[in-house]
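A quick write-up on the structure given underneath.
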Amino acid sequence: MKICSAAQSRFLDQTTIAGNHLSGLELMENAGRGTVALMLDYYGDCKERRVAVFAGPGNNGGDGFVVARHLHELGAEVSVFLLVNPDRVGGDAAQNLQRLPAEIVVRPLLDQEAVDSLSLQVDIIVDALLGTGLTREVTGLFARLIDRINRSGVPVVAVDIPSGLDADSGVLWGCCLKADLTATYGVAKTGLVQYPGADYVGRLEVVDIGIPAEVLERAAITSSYLTEEVATDLLPQRQNNAHKGSHGHILVLAGSRGKTGAAVLAAHGALRSGVGLVSLCVPEGLNTIFEGLCLEAMTIPLRGLAGHALTNSDFGEIVRAAVGKRCLVVGPGLGLAPGTVALVNQVVRELEQPLVLDADALNGLELAGLTGSGADRVRVLTPHPGEMARLTGLTTQEVQNRRLQVAGDFARQYGVVVVLKGAATVVAGPDGELAVNSTGNHGMGTGGMGDVLSGVIAGLLAQQVDPFQAACLAVYSHGRAGDLLMAQGSYGYLASELAAMLPRVWAELHSA
């Protein structure tokens with residue numbers, strides 16, 4: 001499913017109108033009528049139901065007026081509440097305000113007493129207060145009304161976007177109306193699928209308002225929401241007569257004393273992705289541990305740092321081990337000894353194969369090595385927000401407030417694929433492609449989950465999936481495995497259990 005920015009949404013409307021495809025009034029009519037159709041699907045017959053429509057002065061309010069008119073025609077008892085004087089409503093919204101039948105009472109709420117004394121004894125509330133153009137804190141009467149509605153317990157239908165939500169980032173502008181159903185228009189906005197805003201959207205539905213296909217194409221929307229339908233299209237093709245050599249061989253550079261589990265989990269993630277073979281370059285002194293923990297992988301013991309961590313003196317052996325490998329995972333549990341950091345940066349600069357860089361590989365990464373590695377070399381970085389902050393020089397909160405922008409800017413600047421982990425993980429490609437994940441849950445907030453993910457990405461790269469698409473499919477399937485585990489009980493499941501659940505995810509996608 002495509003997702004767009006507020007600016008792209010405005011472009012769609014304006015270009016449709018400028019090309020004489022549809023007028024602004026027709027787009028507004030389609031939006032309101034489509035919202036009512038959704039309400040009928042979700043809440044059943046609206047006849048004699050009490051519905052309160054809360055409207056602001058802009059086009060969002062105009063959509064609400066259309067909703068009110070259609071609900072009235074279906075027999076609902078509709079009231080419209082305006083948070084501005086009616087003479088402040090302009091354009092197409094003003095025309096739809098005038099079209100309201102006389103039976104619908106329009107009541108302005110212009111002071112605190114009016115808001116506080118308002119009865120919310122209704123069956124459904126329609127939120128048409130503030131739209132996608134909001135760029136400042138919600139204060140005053142709007143904030144007071146939003147708080148009252150949120151505490152009312154009445155089901156809320158949001159028109160295009162819940163009032164108070166930033167359409168691009170999902171950040172809340174001080175306060176936000178919490179919807180049960182959001183009817184968004186034309187294309188879903190990126191802020192609707194990012195946190196914390198995603199918690200305020202309820203059920204998200206896209207209403208077709210008649211934007212022509214050629215206008216959608218001109219908008220050049222490159223952002224997607226990773227759903228089952230999207231993931232299914234990304235699955236690698238596998239032949240019935242295939243063998244382990246057909247599905248690629250990856251090399252894992254990971255693990256150090258006290259962190260052997262991270263390397264093993266990365267290997268398990270790769271193996272559960274369907275890759276043919278996995279080899280691990282491991283510190284010689286820890287080799288017995290690895291051989292006992294990961295029976296299906298091969299190990300290549302290296303002397304390293306006293307046999308307990310890989311170091312730059314191992315580089316020659318690693319180059320030889322990398323021959324014939326389609327991809328490398330670098331970083332899980334690797335440690336940050338100076339020689340280990342030097343090794344990581346030498347690998348990034350000099351190896352030709354695709355690299356998945358995670359954890360300690362990111363913590364000691366020299367960014368100059370990315371720009372000097374060549375445009376044809378694939379580098380996939382999988383930072384969590386704290387690691388992304390260190391890579392960009394931003395604070396963690398700044399990263400979280402602009403996840404799509406931060407990941408996208410970094411991917412384009414350094415010619416890499418970025419997987420910015422967290423709730424609604426973001427995938428950004430070097431050519432401007434962006435994706436937001438729809439799967440995953442709070443039970444995945446535990447150690448080892450990221451190690452598994454890095455292995456899955458590498459495994460899909462080894463199966464010759466396009467780098468951006470491999471990251472998208474890995475992120476979706478990894479989150480879906482977590483969702484299946486959550487559905488079995490609750491949180492408390494392990495990263496190793498999530499890796500073991502991946503074959504069921506592949507089965508789901510192949511049968512979808």
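All residue numbers in this chain count up from 1 along the given sequence.
A donor-acceptor pair is defined here as one N or O able to donate and one able to accept, closer than 3.5 Å; such a pair exists between the side chain of Ser256 and the backbone of Gly333. Between the side chain of Arg377 and the backbone N or O of Arg349, at least one donor-acceptor pair lies under 3.5 Å. In terms of modelled atom types and a separation under 3.5 Å, the side chain of Arg203 and the main chain of Asp180 share no donor-acceptor contact. Side-chain atoms of Asn287 do not come within 3.5 Å of backbone N or O of Pro283 as any donor-acceptor pair. A donor-acceptor distance shorter than 3.5 angstrom exists from the side chain of His478 to the backbone of Met449, with no hydrogens or angles considered. The closest donor-acceptor contact from the side chain of Ser9 to the backbone of Ala6 lies at 3.5 Å or more, if one exists at all. Under the 3.5 Å distance criterion, the side-chain polar atoms of Gln353 are left unmatched by any main-chain donor or acceptor of Leu328. Of the possible polar contacts, one joining the Ser163 side chain to the Leu130 backbone as a donor-acceptor pair under 3.5 Å is found. No donor-acceptor pair closer than 3.5 Å links the side chain of Asp160 to the backbone N or O of Thr184. Judged by distance alone, with hydrogens and angles left aside, the side-chain atoms of Thr16 form no donor-acceptor pair with the main-chain N or O of Leu22 at under 3.5 Å.
A donor and an acceptor atom, one from each side chain of Gln397 and Asn401, are located under 3.5 Å apart. For the 3.5 Å distance criterion, the side chains of Arg238 and Gln463 qualify, holding a donor opposite an acceptor. Under the 3.5 Å distance criterion, with hydrogens and angles disregarded, a donor-acceptor pair is assigned to the side chains of Glu205 and Tyr42. Side chains of Lys189 and Ser5: a donor-acceptor N/O pair is absent below 3.5 angstrom, by distance only. For the residue pair His249 / Arg326, no side-chain donor-acceptor distance below 3.5 Å is found, with atom types taken as modelled. For the residue pair Thr439 and Asp483, no side-chain donor N or O sits within less than 3.5 Å of a side-chain acceptor on the partner. Side chain to side chain, Asp166 and Ser169 meet the donor-acceptor criterion of an N or O pair below 3.5 Å. In the model, Tyr225 has no side-chain atom that pairs as donor or acceptor with a side-chain atom of Thr190 under 3.5 Å.
Note on Asp360 versus Lys259: salt bridge recorded, some NZ/NE/NH1/NH2 to OD/OE distance being below 4.0 Å. A salt bridge links Lys421 to Asp358: one of the charged nitrogens lies within less than 4.0 Å of a carboxylate oxygen.
Of the residues listed (Asn30, Thr132, Asp63, Thr35), the one engaging Tyr185 in a side chain to side chain donor-acceptor pair (under 3.5 Å) is Thr35, and it is the only one. Here the options are Val230, Val187, Val206, the test is side chain to side chain contact (heavy atoms under 4.5 Å, CB included), and the partner is Met1; only Val206 passes. Under the side chain to side chain contact (heavy atoms under 4.5 Å, CB included) rule, Val436 has a single partner from Leu404, Leu192, Leu226, which is Leu404.
Here the closest non-hydrogen pair linking Gly269 and Val456 is O-CG2, 3.4 Å. When all heavy atoms of Leu362 and Glu387 are compared, the pair lying nearest together is CD1-OE1, 3.8 Å. Here the closest non-hydrogen pair linking Gly164 and Leu134 is CA-CD2, 3.6 Å. Contact record, His21 with Thr15: CD2-O, 4.0 Å, taken as the closest heavy-atom pair. Residues Val275 and Gly248 share a closest heavy-atom pair of CG2-O, 3.4 Å. Annotation for Leu172 and Pro196: closest pair CG-CG, 4.0 Å, computed over non-hydrogen atoms.
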Query raised in the report: Going through the checks in order, is the side chain to side chain donor-acceptor pair (under 3.5 Å) test met by Tyr491 and Thr446?
Result: CA-CA 10 Å; Tyr491 55 88; Thr446 188; over 6 Å; no
Check the pair Thr392 / Val406 against side chain to side chain contact (heavy atoms under 4.5 Å, CB included), numbers first and verdict last.
CA-CA 8 Å; Thr392 57; Val406 170; 4.1 Å; yes
**Worked check of side chain to side chain contact (heavy atoms under 4.5 Å, CB included) between Val427 and Asn437** = CA-CA 8 Å; Val427 183; Asn437 191 33; over 6 Å; no
Check: When you look at Leu453 and Val475, which way does the side chain to side chain contact (heavy atoms under 4.5 Å, CB included) test go after all the steps?
Finding: CA-CA 7 Å; Leu453 177 61; Val475 164; 4.3 Å; yes
**OP:** Show the numbers, then the answer: is there a side chain to side chain contact (heavy atoms under 4.5 Å, CB included) between Phe11 and Arg218?
**Re:** CA-CA 9 Å; Phe11 174 88; Arg218 284 182 59 190; 4.3 Å; yes
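Annotation for Glu229: atom CD does not count as buried by contact number, only 12 or fewer foreign heavy atoms lying within 6.0 Å. Enclosure of atom CZ in Arg402 by more than 12 non-hydrogen atoms of other residues, nucleotides or ligands within 6.0 angstrom is indicated.
Taking the side chain as every heavy atom from C-beta outward, Thr382 and Leu357 never approach each other to under 4.5 Å. Looking at heavy atoms from C-beta onward, Pro430 lies in side-chain contact with Val417 at the 4.5 angstrom threshold. Side-chain contact between Ile211 and Leu27 is present, with heavy atoms from C-beta onward closer than 4.5 Å. Side-chain contact between Leu40 and Leu38: absent, with no pair of heavy atoms (C-beta onward) separated by less than 4.5 Å.
Expressed to the nearest 0.5 Å, how far SG of Cys281 lies from CD1 of Ile318 amounts to 5.0 Å.
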